[in-house]
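Heads up: the structure comes next, in structure tokens.
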Amino acid sequence: MRLAGKRAFVTGGRQGIGLGIVNAFLAEGAEVTTCGRGTRPDDLPQDVGWFELDVSNAADVARVRTDVGATDILVNNAGVQVEKTVVDSTDADWDLVMGANARGVFNMCRAFIPHMSAGGSIINIGSISGTVADPSMALYNASKAFVHGLTRSIAVDHGPDVRCNAICPGWIETGMLDAGFDLANDPDKARADALARHAVKRFGKPADIASMAVWLASDDAAFATGQLFTIDGGMTAASPLNPGLC
């Protein structure tokens, strides 16, 4: 029960990584509230609070922050992905991706930091795509690079009252992963090739990211701040040579 007595707010807890973090925090004793666009999902645990929220809207974020009250842990997980190059991206694509992934994280941190408990922990969900570019995901890659930079700035500017770190997932079994493979000429071949590049020979699961989030939220990580923690099954540790062809 590493998070017993702590109050956590997780954005984008409807599914995928966000829901995995919600469930892991509950199991560790935290009081958890989450949010998303639309109504409360039927499968969300009953003891989890829910707000309908578009994180790109600063006024709505401020209203929810007031309703939530003091918070010990903030997880910025809400995000969207558009599979396009710079040339193909529209103004609407910019507003959608940068609004949720960049402005949304900024809005949440700006609203919550002044009201977080001393020693609070902010966990931003970045991505390996913020360090190495995935093809045809220009806006997504850029938005995650923003999250990484903002994470460092918050740690420097607001420590020691608040710690701020980012988790940078690799390829996690969610809808976003499937959408990425669908871009390939041969999705099955692309999936097999990607799997071969993972040292652990599997894709990640939301629970893998949630485990790191629990540690960063706990007092065990009291000396960790301003860091980007890559959780990708060893994929980015390898050279571009496909080990399956060696």
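By convention here, the first residue in the shown sequence is residue 1.
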Go through it in stages, so that I can follow the logic: the residues are Val64 and Cys35, the test is side-chain contact (heavy atoms from CB on, under 4.5 Å), and I'd like the CA-CA distance, side-chain angles, deciding distance and then a yes or no. CA-CA 10 Å; Val64 168; Cys35 67; 5.9 Å; no

Using a strict 4.0 Å threshold on nitrogen-to-oxygen distance, state whether [X] and [Y] make a salt bridge.
X      : Y      : result
Asp193 : Lys189 : no
Asp208 : Arg202 : yes
Asp232 : Arg197 : no
Glu31  : Arg7   : no

[X] atom [atom1], neighbour heavy-atom count above 12 within 6.0 Å:
X      : atom1 : result
Asp157 : CG    : yes
Trp94  : CH2   : no
Gln15  : CD    : no

Could you tell me whether the side chain of [Y] reaches within less than 4.5 Å of the side chain of [X], counting heavy atoms only?
X      : Y      : value
Ile122 : Cys109 : yes
Thr33  : Phe51  : yes
Lys6   : Phe25  : no
Pro206 : Leu19  : no
Val10  : Val48  : no

Given 3.5 Å as the limit, does a donor-acceptor pair link the side chain of [X] with the main chain of [Y], or not?
X      : Y      : value
Ser136 : Asp134 : no
Arg14  : Arg37  : yes
Thr225 : Cys164 : yes
His148 : Ile128 : no
Arg163 : Leu216 : yes
Thr11  : Ala78  : yes
Thr90  : Asp93  : yes
Asn107 : Gly104 : no
Asp72  : Ser121 : no
Asn124 : Val105 : no

Nearest-0.5 Å distance that lies between atom [atom1] in [X] and atom [atom2] in [Y]:
X      : Y      : atom1 : atom2 : value
Ile154 : Asn165 : CD1   : CG    : 10.5 Å
Asp220 : Arg2   : CG    : CZ    : 6.0 Å
Ile123 : Asn77  : CD1   : CG    : 10.5 Å
Phe9   : Met116 : CZ    : CE    : 11.5 Å
Leu139 : Met98  : CG    : CE    : 7.0 Å
Ile167 : Asn76  : CD1   : CG    : 11.5 Å

Could you state whether [X] and [Y] fall into the same hydrophobic cluster, counting links through intermediate Ile, Leu, Val, Met, Phe, Trp or Tyr residues with side-chain heavy atoms under 4.5 angstrom apart?
X      : Y      : answer
Tyr140 : Ile209 : no
Ile172 : Trp215 : yes
Ile113 : Val68  : yes
Ile231 : Val147 : no
Leu26  : Leu44  : yes

Hey, mind stepping through Met108 and Leu53 against side-chain contact (heavy atoms from CB on, under 4.5 Å) and telling me if it holds? CA-CA 11 Å; Met108 293 295 298; Leu53 176 64; 4.2 Å; yes

Minimal non-hydrogen separation, Ala138 against Val86, with atom names: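 Result for this residue pair: CB-CG2, 3.5 Å.
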
Let me see the working for Arg152 and Leu228 under side-chain contact (heavy atoms from CB on, under 4.5 Å), right down to the final yes or no. CA-CA 9 Å; Arg152 297 186 183 100; Leu228 312 179; 3.0 Å; yes

